[in-house]
Amino acid sequence: MSRRPELLAPAGSPEALRAAVDGGADAVYLSWGAFNARRGARNFSEEEFARAVAWCHVRGVRVFLTLNILLSDRELPEALETARAASRLGVDAVLVQDWGLFALLRRALPDLPLHASTQMSIFTSNGACEIAAGGCERVVAARECSKEETAAICQNCPAEVEAFVHGALCMCYSGQCAMSAILGGRSGNRGRCAQPCRLPYGVNEAARDRRPLSLKDSCLADHLGEMGDMGVACLKIEGRMKSPGYVAAVTEIYARLLEEGRKPTPQERETLERAFSRSGFTDAYWRGTKGPEMLGFRPENAPEAAEPAPGGTDRRVPVRFSCRVEAGSPCLLTAEDEDGRAVTVTGPVPEAAGNRALTAEDLTARLSKTGGTPYRCAGADVTAEPGLYLSAAAVNALRREALEALSAARSRPPERRELEAPPLPDVDCSEAEPRLTVSVTNAAQLTGGILGFRPARVYVPLELLAEVPSLPEGVPLPKAETEYCAILPRVWRDRDEDLLRRWLEKARTLGVAGLLLGNLGHFPLVRGMGFRLYGDYGLNVFNSRSLAFLREKGLESACLSFELRFSQIRDMKKILPAEAIVYGRLPLMITENCLIQNTVGCRCDRLAEGRPPNFLNDRTGASFPLLPAFGHRTEIQNSRPLYLADRPDWRRLGLRYARLRFTTESPEACAEVYRSYLDRAAPSGEFTRGLYLRGVE
């Protein structure tokens with residue numbers, strides 16, 4: 001028989017916390033401080049957080065703290081102190097995204113359980129096992145994972161697996177979206193997403209009242225049994241930005257379904273939809289499908305759910321009493337909870353009875369009056385010698401004192417080690433000026449134009465290398481004084497890994513010496529194959545400790561996040577040779593849904609055929625190229641290329657490498673851009689300076 005999964009509910013405010021617990025949540029996730037992925041929520045003050053942890057623990061509800069954003073070097077010490085304070089208060093786990101914070105917490109707070117946030121972009125068994133081996137207790141799988149993919153992760157990963165069961169779906173893989181940051185300076189990786197995906201766009205046409213990036217909310221209420229059977233340890237309800245009414249309604253229904261082992265009734269489905277939905281719900285990802293039927297939006301004036309009346313579920317903690325009333329001795333009362341935690345308190349010495357002696361039945365009845373407390377009497381073993389008297393007030397005081405002592409015991413924080421933050425390695429891999437590298441998207445861009453400039457590296461998509469006949473001049477790779485590196489697909493699945501390894505072996509025969517890794521799951525995939533390993537932007541490197549973490553994993557260099565400011569890059573300790581993108585259309589999203597297939601039919605190969613790419617067009621007239629990605633996915637590029645050739649800043653940051661990222665450019669344009677960077681030429685046409693100067697919230 002499968003173990004009942006834990007039900008995890010959002011608590012974006014103290015009011016939502018009470019709604020979640022009253023609704024039947026087994027655990028809640030919440031935030032205090034500045035470092036969480038829903039910084040726009042009401043969240044908690046330090047005092048409120050301390051009270052919340054104790055209040056939840058008395059009621060048998062676990063509390064998880066979210067510290068799941070990317071952090072700068074200056075922010076890491078404060079984030080560590082936040083985690084220290086939360087650990088002292090007894091928080092049950094901390095959710096993290098940032099590799100540097102993860103490594104820091106593992107060393108400084110070795111007994112504090114850590115959960116891998118969905119922002120880590122984990123969607124394969126290898127990725128889950130890799131973070132589990134690093135000391136992660138639980139992995140939150142990507143929302144895009146199907147039933148079969150989730151089951152494989154559960155089967156193969158020694159850590160617990162958490163899956164989203166209800167709530168909003170992002171079109172982009174969590175942790176890989178830069179759209180809000182690039183377009184508006186509000187980073188989803190920093191908890192400030194402005195949700196540009198909910199706006200109207202057009203695909204290969206002017207923007208109309210279509211929303212090709214807006215997905216319906218997920219609802220997996222029909223699949224709870226199979227999720228429990230496959231070993232999913234925790235079912236997560238999304239919604240820290242939602243109202244207490246939403247939290248109450250959704251949590252109560254899911255708690256009831258789990259308790260009764262059934263699917264929702266039509267009335268319960270209607271209640272879920274009234275609470276919040278975007279044109280209904282979808283379970284397509286779980287079923288292993290995708291398509292335009294997943295799209296939906298919610299009118300801005302749609303009402304939020306009113307908080308429902310409390311349901312009939314008794315959420316009080318069962319407690320058993322044991323009491324002895326004997327002549328000449330203080331009475332003793334023991335209260336024991338369902339976990340075997342017991343406390344004993346002492347009362348007055350009973351008096352000789354006058355008119356009516358105390359009976360065992362009287363004593364049991366008085367002990368059972370636990371109304372107004374988090375407890376209910378599950379039984380009482382009492383002994384009362386004949387002829388003795390104990391007032392009702394004395395029994396009530398004894399019961400009250402015992403339950404207060406039990407609450408103190410239930411909310412007492414565990415003892416955990418606290419160590420000093422380890423120093424960073426004494427290594428300096430900075431350079432006076434970076435060497436240029438190049439990444440290409442299609443075979444035509446590999447012609448001698450850019451190769452003649454002898455870039456330090458040329459990055460080529462692995463799937464392109466697998467198509468040897470499409471490469472120019474009938475040779476595997478053009479001869480050049482450069483290091484060829486294969487770019488591994490940023491998103492893939494367990495079922496793809498045998499194919500990817502075959503492609504890697506083929507790439508080796510073509511002269512590829514290095515690999516560009518953009519996901520934690522890439523490390524076990526390629527380990528032992530003998531390639532040189534470099535980190536790509538998908539790893540979201542935001543601080544020096546992340547560089548140290550990746551150095552320990554075997555990387556020889558790493559591309560830094562393009563959401564960093566120049567000053568942050570400059571001040572970062574270059575424990576690993578660092579690379580930054582200094583030219584090109586920055587990737588805004590990578591989507592499981594093929595946007596082109598969803599709207600105009602499958603025309604994903606236009607660029608490969610030499611035709612203009614497909615575009616996403618917004619209401620301002622900006623056009624964002626849509627490029628096909630491995631697995632019939634889509635990668636949205638920015639409307640304007642990043643251009644920094646004329647700026648001296650990036651050359652003085654200690655970078656080892658600076659990348660020119662070519663996507664839609666012709667071979668001739670690639671060579672012109674490369675020349676402009678050598679000549680430090682002024683820009684022409686539309687361009688952007690990216691986030692390097694203005695930074696992100």
Side-chain angles (χ1 to χ4, degrees), residues 8 10 29 31 35-41 64 66-71 95-99 101-102 114-124 127-128 131 136 138-146 149-150 153 161-182 186-198 213-218 220 234-241 282 284-286 290 294 489-493 518-521 536-542 561 563 587-593 629 631 633-636 696:
L8 176 60
Y29 59 104
S31 304
F35 308 126
N36 69 88
R38 288 294 182 269
R39 290 161 70 191
F64 305 147
T66 57
L67 286 176
N68 55 338
I69 66 168
L70 300 182
L71 297 160
L95 281 88
V96 294
Q97 172 189 10
D98 190 279
W99 309 120
L101 179 63
F102 175 77
L114 299 183
H115 293 178
S117 168
T118 189
Q119 294 288 114
M120 280 191 180
S121 307
I122 294 175
F123 39 72
T124 65
I131 198 66
C136 205
R138 176 180 290 181
V139 175
V140 185
R143 292 170 173 89
E144 292 84 353
C145 289
S146 69
E149 292 156 358
T150 305
I153 295 173
V161 175
E162 178 177 306
F164 280 88
V165 73
H166 193 94
L169 289 174
C170 299
M171 176 58 84
C172 183
Y173 275 81
S174 292
Q176 301 301 309
C177 185
M179 194 167 197
S180 179
I182 295 295
R186 295 177 54 183
S187 170
N189 283 316
R190 301 269 295 157
R192 293 290 193 189
C193 179
Q195 295 192 313
C197 53
R198 304 300 180 189
L213 301 182
S214 183
L215 293 176
K216 297 176 182 177
D217 279 21
S218 175
L220 302 185
C234 179
L235 307 179
K236 186 172 197 169
I237 298 170
E238 182 276 337
R240 270 189 294 145
M241 299 289 287
T282 181
Y285 281 151
W286 183 256
K290 48 192 176 183
M294 295 183 67
R490 194 156 38 130
V491 177
W492 75 104
R493 291 293 191 271
N519 186 275
L520 190 68
D536 206 358
Y537 58 82
L539 290 172
N540 289 328
V541 177
F542 218 77
S561 168
E563 295 187 14
L588 303 184
M589 283 189 180
I590 183 164
T591 71
E592 182 66 17
N593 267 273
R633 301 175 176 96
T634 301
E635 189 174 87
I636 305 174
V696 293

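This chain uses plain numbering: 1 for the first residue, then up along the sequence. Values in this document were obtained by computation on a predicted structure and should not be read as measured data.
With rounding to the nearest 0.5 Å, the separation of CG in L71 from CG in N189 is 11.0 Å. One distance of note links CD of E144 with SG of C172; it measures 8.0 Å at 0.5 Å rounding. Put simply, CD on Q119 and OG1 on T66 are 11.0 Å apart, with the number rounded to the nearest 0.5 Å. Taking CD of E635 as the reference point, atom CD1 of I590 lies at 5.5 Å (rounded to 0.5 Å). To the nearest 0.5 Å, atom NE2 of residue H115 and atom CG of residue L95 are 6.5 Å apart. With rounding to the nearest 0.5 angstrom, the SG atom of C145 is 10.0 Å from the CD1 atom of I122.
Residues R240 and S31 have side chains in contact (heavy-atom distance under 4.5 Å, counting atoms from C-beta outward). You'll find the side chain of C136 reaches within 4.5 Å of the side chain of F102, heavy atoms only. Looking at I153 and V139, their side chains never come closer than 4.5 Å, going by heavy atoms from C-beta outward. Counting only heavy atoms from C-beta outward, the side chains of S174 and T118 approach each other to under 4.5 Å. Contact check for F64 versus R138: side-chain heavy atoms found under the 4.5 Å cut-off. At a threshold of 4.5 Å between non-hydrogen side-chain atoms, the residues I636 and L213 count as touching. Counting only heavy atoms from C-beta outward, the side chains of M120 and I131 approach each other to under 4.5 Å. Between I237 and P10, some side-chain heavy-atom pair lies under the 4.5 Å cut-off.
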(message) Could you walk me through whether N68 and V96 satisfy the side chain to side chain contact (heavy atoms under 4.5 Å, CB included) test, starting with their C-alpha distance in whole Å, then the side-chain angles of each, then the deciding distance to 0.1 Å, before giving a yes or no?
(response) CA-CA 4 Å; N68 55 338; V96 294; 5.8 Å; no

(message) Under the criterion side chain to side chain contact (heavy atoms under 4.5 Å, CB included), I'd like the reasoning laid out for L235 against L8: C-alpha separation, chi angles, the key distance, then a yes or no.
(response) CA-CA 6 Å; L235 307 179; L8 176 60; over 6 Å; no

(request) Show the numbers, then the answer: is there a side chain to side chain contact (heavy atoms under 4.5 Å, CB included) between M171 and S214? (result) CA-CA 7 Å; M171 176 58 84; S214 183; over 6 Å; no

(request) Report the C-alpha distance between L169 and F164 in whole Å, list the side-chain angles of each, state the deciding distance to 0.1 Å, and finish with yes or no for side chain to side chain contact (heavy atoms under 4.5 Å, CB included). (result) CA-CA 9 Å; L169 289 174; F164 280 88; over 6 Å; no

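Judged purely by atom type and a 3.5 angstrom limit, T282 has no side-chain atom pairing as donor or acceptor with the backbone of L215. Using modelled atom types, one side-chain atom of R186 and one backbone atom of R192 make a donor-acceptor pair closer than 3.5 Å. Under a 3.5 Å cut-off, the side chain of D217 and the backbone N or O of H166 do not form any donor-acceptor pair. Distance alone, capped at 3.5 Å, places no donor-acceptor pair between the E162 side chain and the C234 backbone. Side chain of D536 to backbone of G538: no donor-acceptor contact under 3.5 angstrom is found. The backbone N or O of Y173 sits nowhere less than 3.5 Å from a side-chain atom of Q176 that would complete a donor-acceptor pair. Panel note: side chain W99, backbone L539; a donor-acceptor pair is recorded below 3.5 Å.
The two residues A194 and S180 come nearest to each other via the heavy atoms N-OG, 2.9 Å. In this structure, Y29 and G239 approach most closely via the heavy-atom pair OH-N, 3.5 Å. Among all heavy-atom pairs drawn from E238 and A168, the shortest one is OE1-N, 2.9 Å. Taking both residues in full, the closest heavy atoms of G175 and Q97 are given as CA-NE2, 4.0 Å, listed atom of the first, atom of the second, then distance.
A donor-acceptor contact under 3.5 angstrom links the side chains of S187 and E563, judged on distance only. Using modelled atom types, one finds no donor on one side chain facing an acceptor on the other under 3.5 Å when comparing R493 with T124.
No salt bridge links R143 with E592; every basic N to acidic carboxylate O contact stays at or beyond 4.0 Å.
With sequence neighbours left out, A163 forms a side-chain contact (heavy atoms from CB on, under 4.5 Å) with M227, V232.
Cation-pi contact between K290 and Y285: absent, since separation from the ring centre below 6.0 Å together with deviation from the ring axis within 45° is not met.
Under the 6.0 Å cut-off for aromatic ring centres, W492 and F123 qualify, their centroids lying closer than that.
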